[in-house]
Number of protein chains: 2
Amino acid sequence: MAATLSDVAKRAGVSKKTASRVINNEDTVAAATRRKVLAAIEELGYVPNEWAQRLASGNSRIVGYLIGDYLSPYSAHVLNGLLDVADAAGHHVSILRIDIDDPQQIERVITMARLRRMEGIVLAPPCHSSPRLMGALQEMAFPFVQHSPSDRCSGCAWVSAADEQGSYDAAWHLLRLGHRRIGFIQGPVDLYVSRARLAGYKRALKEADIAVDESLIKPGDWGFESGLEYARELLSLPEPPTAIMANNDVPAAGAIQAAWERGVNCPGQLSVVGFDDVPLAKQIAPPLTTVRQPIYDIGATMMSILIEEIIPGIKSNHAIEVPTELVIRHSTGAVRNQQDA
Amino acid sequence: MAATLSDVAKRAGVSKKTASRVINNEDTVAAATRRKVLAAIEELGYVPNEWAQRLASGNSRIVGYLIGDYLSPYSAHVLNGLLDVADAAGHHVSILRIDIDDPQQIERVITMARLRRMEGIVLAPPCHSSPRLMGALQEMAFPFVQHSPSDRCSGCAWVSAADEQGSYDAAWHLLRLGHRRIGFIQGPVDLYVSRARLAGYKRALKEADIAVDESLIKPGDWGFESGLEYARELLSLPEPPTAIMANNDVPAAGAIQAAWERGVNCPGQLSVVGFDDVPLAKQIAPPLTTVRQPIYDIGATMMSILIEEIIPGIKSNHAIEVPTELVIRHSTGAVRNQQDA
DNA sequence: GGCCATAATGACACCGGTATCATGAGCGAG
DNA sequence: CTCGCTCATGATACCGGTGTCATTATGGCC
């Protein structure tokens, strides 16, 4: 059906190899020959078969993007960055979705990676909380980059936002507005980012000479429901916080909804700060003050270092922390006097 | 490095073809032989090379997902459905992102599809508004499914939500609450879905004996900003609407924010209805009344019919409309008497 | 004019599988 | 015992490219 390299070669009156040289822009082809081959390609509408090329040349140029569960808006945005860089470099991105808690699925990842002859993998956050998976990958010497570091894997490559600093900045923003009781809704506590962001919050409080009140710190799972639920709990406290920081914009939106539910004005009576700056942040009312991570850039950077350095085995420092930026919108305001509240 | 089929065959003392038979579960292999081969596979840790299999067998099992611009939260959710079905069927999904307005990009799509030997393509909404692309695909007899129909392509396969009916239901919900002036923010007017949803709105108004006031109908582009902007315009009208329907949840959130900006209470003074029921819908305050589309299922259905019927060339009716469901949350309420407003 | 370096090209094996068809073994029937 | 048939298996070509290395043509130099 489709024209093959042999067809092109025959038509141009050259060997397969010479036709191949033209396609790959090798420089040892005479100008006249090149023209003949290009003409044949044009006439036949030839398009090479990538899979045959990859098989023959021995490099698959396929990288995996491993995400726990489903593709979220957040990971979709990371994926945009991954895809742009991968496309430009002629690499494919194969999406692997797994349930990280199921040990069998980890086998499946390894199998898929080998089945598809992937050359490397990008790991989305919850994935590198699995010691089994990390162990298996390291044992196989399988190239990978993590999105955010993990303490189980020292020396591993990662790209991450400056979580601790970002959280610290957000906390100081609230402190400067006069808030003294600041609630904190964490993400999954076994994740590095959750702990880093909590650490930033605590560092800021310490600098401001405010004792950490553990009753104001709640766990969470990055979901909307957890933000909603824990914010309700915080607002029900005998002495509720005047501000809530969430580890992520989605639970921050939950906190705003919790305030709305009971008629607590935001930012009048409750300030809320998120983290990430996903599209949601500016789509809610009030628009959310949040710590912007360059999500797209993190994706692009991970793919760059994976393709350019890690897969070729170039040694370099693959721990990249990118700065965050506090984006002040309308969900935060000066703390009111008690009688106003 | 990795064991090949030849290695397995050698170790098991059989021919490559027999080893291949075992791998593909062909039934003409003696039980004893099968055991030997399986043992060899186990010992060598053999995993077949999918690309070699695909090259040799002549079917690539690759399908494309073509989206305009970037992967949005909405298309990411469609993709989840696509991926689940594709994975189960052993197919790969290759994401193609293009700028639909650039004619050169259309060439690129065709080239990529041929380069990667894709067997079919799923087209996300804005893509089938390009007559050039559709023409090229039809001319090549390239298998594809559209997400939502397009009038430029009669007889083409598509899967879509019941847009007209969903919009009609939403409009009646508002009518029953007593609303007589209902603003409408459309999506891109050249898209089928935009027109279908507008048609449902008009049908409901007609049934309720309400004349369509064109000043209440605004265009839009599915973006948040357009919802915000057009809602501002609607609220600035001398006789503003008491409710706004948007073609999509994102601009509906924009409408809610526009109301918030000027202190218009939602749903007290303004009801807002969206469309799609993306996660955003329940993450805003007030939670959005919207028309739920089974987004994931639409993705899954598109992939199913593409793989099972369209690529094999089985004739059947590939125009599938899936029902929508009105989800009533808190952004809609009974219209108030004028003096309250 | 003869020699050698260099540029251009082709023959052929190979990547890791599958498909076709021939062949040999085993077995029941005549 | 032999024929004919089915079942299991293997030899070999092939998918559509790339890599290696040998070969041929060309040109510069002594």
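Worth knowing before you read on, the calculation uses all heavy atoms, side chains too, and leaves out hydrogens, waters and symmetry mates. In what follows, every chain begins at residue 1, and chains take the letters A, B, ... in the order their sequences are listed.
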Residue list, ring-ring contact (aromatic ring centres under 6.0 Å, His included) with His92(B), at least two apart or on another chain: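 Trp51(B).
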
Residues Glu43(B), Arg11(B): salt bridge by 4.0 Å N-O rule: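 Yes.
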
Qualifying salt bridge (Lys or Arg N to Asp or Glu O under 4.0 Å) pairs, either residue in residues 294-314 of chain B, two or more places apart: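 Non-adjacent pairs meeting salt bridge (Lys or Arg N to Asp or Glu O under 4.0 Å): zero.
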
Contact boundaries on DNA chain C for chain A, cut-off under 4.0 Å to non-hydrogen atoms: dA8(C) to dG17(C)

Annotated protein contacts, base or backbone, on nucleotides 11-19 of chain D with a non-hydrogen cut-off under 4.0 Å, one of B, S, - each: B---BBBBB

Quiz: residues 103-110 of chain B side-chain donor-acceptor pairs under 3.5 angstrom, not counting sequence neighbours:
residue   : atom : partner   : partner atom : Å
Gln105(B) : OE1  : Arg108(B) : NE           : 3.4
Arg108(B) : NH2  : Arg97(B)  : O            : 2.7

Heavy-atom neighbours of Tyr192(B) OH exceed 12 at 6.0 Å: no

Ser60(B) and Arg54(B): side chain donor to acceptor below 3.5 Å: no

Ser304(A) and Thr301(A) side chains, donor-acceptor separation under 3.5 Å: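 The criterion, which ignores hydrogens and geometry beyond distance, is not satisfied for Ser304(A) and Thr301(A).
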
Thr28(B) side chain near dA8(D) phosphate (N/O to OP1/OP2, under 4.0 Å):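 Negative; the distance criterion is not met.
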
Partner residues of Arg114(A) under the salt bridge (charged side-chain N to carboxylate O under 4.0 Å, His left out) criterion, sequence neighbours left out: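 Expected list: none.
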
